[in-house]
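The structure appears right after this line, and notes come after that.
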Amino acid sequence: AFSADDRPAYAAWFSDACTARSIAYPSDDWLAYVLARREGMAWAIGSTPGVLAAVLQLGLGDGLDVPAVTLVVAPAHRG
């Protein structure tokens, strides 16, 4: 599961223009939503020392007709 400790590494990816224009910045509101796991879930996937990817899955309660899955890969590991 995504934790508050994962956010600094994830937030750093948003200095990359492609990441920043593709998905919303992980704001305080976003973090609170993810940690509460109301209508969605989020996972951080990676290995020490850094997170390589964060998978964000949002549920139907977000006004979606179908579940949506977003995969964000650390810019340094895209290729």
Side-chain angles (χ1 to χ4, degrees):
F2 195 94
S3 75
D5 293 339
D6 296 317
R7 183 172 149 190
Y10 181 51
W13 301 353
F14 287 80
S15 63
D16 173 73
C18 182
T19 301
R21 78 173 161 265
S22 299
I23 190 168
Y25 182 82
S27 66
D28 291 340
D29 289 341
W30 175 87
L31 183 63
Y33 173 82
V34 166
L35 296 180
R37 290 187 179 91
R38 287 189 304 242
E39 294 292 331
M41 294 195 146
W43 296 269
I45 301 171
S47 60
T48 306
V51 176
L52 299 180
V55 178
L56 313 175
Q57 181 173 350
L58 304 179
L60 294 173
D62 294 321
L64 302 172
D65 293 330
V66 295
V69 177
T70 302
L71 172 63
V72 182
V73 178
H77 297 283
R78 288 195 305 248

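Positions are given from 1, in the same order as the sequence printed here. Just the heavy atoms: all of them, side chains too, but no hydrogens, waters or symmetry mates, feed the values below.
- For Asp29, the salt bridge (charged side-chain N to carboxylate O under 4.0 Å, His left out) criterion is met by no residue, not counting sequence neighbours.
- Remark: Asp5 engages no residue in a side-chain hydrogen bond (donor to acceptor under 3.5 Å, both in side chains) (not counting sequence neighbours).
- Here the shortest heavy-atom pairing between Leu35 and Ala4 reads CD2-N, 4.0 Å.
- The closest side-chain heavy-atom distance from Thr19 to Arg78 is below 4.5 Å.
- Using the six-membered ring where Trp is involved, Tyr10 and Trp30 have ring planes that are tilted, between 30° and 60° apart.
- To the nearest 0.5 Å, atom OG of residue Ser3 and atom CG of residue Leu31 are 8.5 Å apart.
- When all heavy atoms of Tyr25 and Ala11 are compared, the closest pair comes out as OH-CB, 3.5 Å.
- When side chains are defined from C-beta on, Trp13 does not count as touching Val73, because their heavy atoms never get closer than 4.5 Å.
- With sequence neighbours left out, the side-chain hydrogen bond (donor to acceptor under 3.5 Å, both in side chains) criterion links Ser27 to no other residue.
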